[in-house]
J.: 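Pasting in a structure now, in structure tokens, and then I'll have a few things to ask.
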Amino acid sequence: MSIFSTCKFVPHTIFLQPKASLKTPNESLATVHCTKVVRNVNLEKLRHNYLFPEIEARELEHMKKYPNANIIRLGIGDTTEPIPDIITSNMAEYARALSTRKGYKGYGAEQGNKALRKAIAESFYKDLGVKDSEVFVSDGSQCDISRLQLLLGSSVSVAVQDPNFPAYMDSSVIIGQAGDFLDETLKYKNIEYMTCGPENNFFPDLSTTSRTDIIFFCSPNNPTGHAASREQLTQLVEFARKNGSIIVYDSAYSVYITDGSPKSIYEIPGSRECAIEISSFSKIAGFTGVRLGWTVVPDELYYANKVPVINDFDRIVCTCFNGASSIAQAGGLACLSPDGFKAVMSVVDYYKENAKILVETFTSLGLVVYGGVNAPYVWVHFPGSRSWDMFSEILKKTHVITMPGSGFGPGGEGYIRVTAFGQRENILEASKRLKSVYL
């Protein structure tokens with residue numbers, strides 16, 4: 001007897017733009033062989049493709065219509081400038097040493113190279129009480145979000161900023177925290193959406209926010225570019241401590257802060273008892289392809305039953321992860337040397353200048369613009385317009401790819417996000433095209 005059953009393939013109707021690797025409606029009548037394994041019901045609750053592959057799919061469609069167009073990509077926040085030589089040469093030297101008996105190393109500690117953990121603690125958390133033993137090196141903060149979800153489990157309640165980085169929401173759906181999607185509100189039933197817009201200075205009204213177990217909070221925020229003030233983060237920490245909640249604080253863009261806003265949640269008194277911090281080398285050092293990040297879990301953070309959270313996270317890491325690439329970690333150490341950090345910050349300054357150009361461009365068009373000061377993202381408001389419509393219009397008229405704000409949650413409707421990660425000539429050309437069309 002065959003282990004396969006025969007079934008009709010019925011495509012899921014929620015895909016905004018099917019990718020080539022996915023079954024499409026044209027195959028809806030095709031007969032395929034199916035196993036008897038039931039699909040994860042939580043995956044069926046996802047409402048669309050993950051946002052960034054969706055943008056790529058629409059770009060491909062545009063390229064088919066306009067094969068000779070010079071497309072400028074200011075949508076997905078991928079770095080474009082070369083990694084400084086002081087860092088890559090260190091990685092290359094480490095890699096070459098692997099071909100020698102003296103230099104070869106196999107598995108490393110799952111928690112990360114001890115020297116790198118110490119360098120992270122000293123470089124980003126000096127005088128904040130973070131110990132190297134509380135730093136867990138990883139292959140990027142987005143991977144750590146999923147590991148934290150595995151740590152927390154499906155029974156916890158979750159709050160997210162609205163708008164928010166899609167990984168918080170989608171991972172909550174996949175793990176089983178979100179509940180059903182409500183078409184009338186465009187929200188998941190069991191998620192607490194904390195509206196963060198210009199009307200409340202991009203910080204939620206905590207007096208009307210329901211208590212949840214977990215609070216995902218990103219500052220500087222992706223996509224709005226807003227960096228929470230010390231007063232705002234103090235309110236957040238007090239709110240979490242009062243309610244016995246854990247904050248998962250994403251500080252991936254902290255090096256872009258220029259106005260004195262806190263760069264770490266641990267600058268706030270009491271935060272070590274209620275917050276986990278995740279961060280990344282991706283936007284600091286251009287490691288989007290190299291892959292290196294970290295998570296800080298303080299010793300003082302406990303579950304309701306007085307078990308230290310760090311113990312369980314260590315077990316998750318040891319069970320699910322063999323440690324970040326040793327070559328990538330060698331690069332991370334080079335980044336945090338005095339000369340290496342100076343070099344990567346010069347690239348950060350380059351992106352900051354790009355952001356200034358973009359802010360000036362959209363402001364000159366008479367639009368209200370947020371962000372672009374403490375983050376490499378510019379958040380542009382198009383009153384009365386839908387985000388996907390503006391995305392399509394700008395792409396069609398200027399061949400510039402942006403990011404629709406509604407892709408980051410219902411609170412992003414009417415906005416687009418524009419990234420400052422780009423080569424200067426492309427930023428200037430995009431500015432020229434936008435002004436020629438909309439001025």
J.: For S251 and E277, test the side chains for any donor-to-acceptor distance below 3.5 angstrom and give the result as yes or no.
T.: yes
J.: So, the side chain of S219 versus the backbone of N221: is there a donor-acceptor pair under 3.5 Å, distance only?
T.: no
J.: Counting only heavy atoms not in K435, do more than 12 sit closer than 6.0 Å to its NZ atom?
T.: yes
J.: Pair K242, E238 - check salt bridge (charged side-chain N to carboxylate O under 4.0 Å, His left out), show working.
T.: CA-CA 6 Å; K242 176 183 176 181; E238 290 175 351; over 6 Å; no
J.: Counting N and O atoms only, with roles assigned by atom type, does the side chain of S245 sit under 3.5 Å from a partner on the main chain of I214, one being a donor and the other an acceptor?
T.: no
J.: Does Q329 use its side chain to pair, donor to acceptor, with the backbone of N113 at less than 3.5 Å?
T.: yes
J.: Between N190 and Q177, does any side-chain donor sit less than 3.5 Å from a side-chain acceptor?
T.: no
J.: Could you give me the CA-CA distance, side-chain angles and deciding distance for V158 and Y168, then say whether side-chain contact (heavy atoms from CB on, under 4.5 Å) is met?
T.: CA-CA 9 Å; V158 170; Y168 313 140; over 6 Å; no
J.: Compute the ring centroids of F408 and Y415, then answer whether they are less than 6.0 Å apart.
T.: no
J.: Would the distance check show the side chain of N201 and the main-chain N or O of F203 forming a donor-acceptor pair, the cut-off being under 3.5 Å?
T.: no
J.: Would a 4.5 Å heavy-atom cut-off, applied to side chains only, mark F217 and I265 as touching?
T.: no
J.: Taking atom CZ of R424 as the centre, report whether more than 12 heavy atoms of other residues, nucleotides or ligands fall under 6.0 Å from it.
T.: yes
J.: So L439 and L365, side-chain contact (heavy atoms from CB on, under 4.5 Å) or not? Walk me through it.
T.: CA-CA 6 Å; L439 263 181; L365 301 179; 3.6 Å; yes
J.: What's the separation between atom CD in E273 and atom CD1 in I246, rounded to the nearest 0.5 Å?
T.: 12.0 Å
J.: Hey, what do you get for CH2 (W294) to OG (S280), rounding to the nearest 0.5 Å?
T.: 7.0 Å
J.: Is it the case that the ring center of F321 lies less than 6.0 angstrom away from the ring center of F136?
T.: no
J.: Closer than 4.0 angstrom, basic N to acidic O: yes or no for K64 and E61?
T.: yes
J.: Testing the basics here: between A375 and A355, what is the closest heavy-atom pair and its distance to 0.1 Å?
T.: O-CB, 4.4 Å
J.: Please answer whether the main-chain N or O of D78 pairs with a side-chain N or O of R73 as donor and acceptor at a distance below 3.5 Å.
T.: no
J.: Under 4.5 Å between any side-chain heavy atoms of E192 and R211, yes or no?
T.: no
J.: Take K263 and E267 through the test salt bridge (charged side-chain N to carboxylate O under 4.0 Å, His left out) and record every step on the way to the result.
T.: CA-CA 8 Å; K263 295 184 177 181; E267 294 184 38; over 6 Å; no
J.: Drop me the distance from D180's CG to D183's CG, to the nearest 0.5 angstrom.
T.: 10.0 Å
J.: What distance do N42 atom CG and S171 atom OG have between them, rounded to the nearest 0.5 Å?
T.: 11.5 Å
J.: Check step by step if side-chain contact (heavy atoms from CB on, under 4.5 Å) holds for Y266 and Y249.
T.: CA-CA 10 Å; Y266 301 123; Y249 188 84; over 6 Å; no
J.: What closest approach, in Å, do S172 and Q149 show between heavy atoms, and which atom pair accounts for it?
T.: OG-NE2, 3.0 Å
J.: Applying salt bridge (charged side-chain N to carboxylate O under 4.0 Å, His left out) to E429 and R433, what does each step give before you reach the verdict?
T.: CA-CA 6 Å; E429 175 62 22; R433 293 183 194 178; 3.0 Å; yes
J.: Does E199 CD have over 12 foreign heavy atoms under 6.0 Å away?
T.: yes
J.: Could you grab the distance from atom CD1 of I401 to atom CG of L395, nearest 0.5 Å is fine?
T.: 5.5 Å
J.: Is Q111 reaching over with its side chain to a backbone N or O of V135, donor-acceptor style, under 3.5 angstrom?
T.: no
J.: List the atom of C335, the atom of F281, and the distance in Å for their closest heavy-atom pair.
T.: CB-CE2, 4.0 Å
J.: Would you mind reporting whether W388 and S406 have side-chain heavy atoms less than 4.5 Å apart?
T.: yes
J.: Which atom pair, heavy atoms only, marks the closest approach of I76 to M403?
T.: N-CE, 3.6 Å
J.: Do side-chain atoms of T361 reach the backbone of I357 as a donor and acceptor pair under 3.5 angstrom?
T.: yes
J.: Evaluate the side-chain proximity of T288 to F421: yes if any heavy-atom separation is below 4.5 Å, no if none is.
T.: no
J.: Any donor-acceptor pair under 3.5 Å linking the side chain of R417 with the backbone of G75?
T.: yes
J.: Please check this pair: side chain of D139 against backbone of R291, looking for a donor-acceptor N/O pair closer than 3.5 Å.
T.: no
J.: Check the pair L367 / Y438 against side-chain contact (heavy atoms from CB on, under 4.5 Å), numbers first and verdict last.
T.: CA-CA 10 Å; L367 297 166; Y438 291 103; over 6 Å; no
J.: Does the side chain of P410 reach to within under 4.5 Å of the side chain of Y193, using non-hydrogen atoms?
T.: yes
J.: Kindly say whether G197 contributes a backbone atom to a donor-acceptor pair with the side chain of N200 at under 3.5 angstrom?
T.: yes
J.: Does either side chain, that of S157 or that of D213, offer a donor lying less than 3.5 Å from an acceptor on the other one?
T.: yes
J.: Given side-chain hydrogen bond (donor to acceptor under 3.5 Å, both in side chains), test Q161 with H226 step by step and report yes or no.
T.: CA-CA 12 Å; Q161 291 162 289; H226 175 74; over 6 Å; no
J.: Rounded to the nearest 0.5 Å, what separation is found between the SG atom of C34 and the CZ atom of R39?
T.: 12.5 Å
J.: Are the side chains of I310 and L301 in touch, meaning some heavy atoms are under 4.5 Å apart?
T.: no
J.: Can you spot which of F165, Y351, Y377 makes a ring pair (Phe, Tyr, Trp, His ring centres under 6.0 Å) with Y253?
T.: Y377
J.: Of all heavy-atom pairs between V173 and K45, which one has the smallest distance, and what is that distance?
T.: CG1-CB, 3.9 Å
J.: Would you indicate whether the side-chain heavy atoms of V373 and D259 approach each other to under 4.5 Å?
T.: no
J.: Which atoms form the tightest heavy-atom contact between P204 and T209, and what is the distance?
T.: CB-OG1, 4.4 Å
J.: With a 4.5 Å limit on heavy-atom distance, are the side chains of R147 and C143 in contact?
T.: yes
J.: May I have the step-by-step check of side-chain hydrogen bond (donor to acceptor under 3.5 Å, both in side chains) for T195 and D162, ending in yes or no?
T.: CA-CA 5 Å; T195 300; D162 182 26; 4.7 Å; no
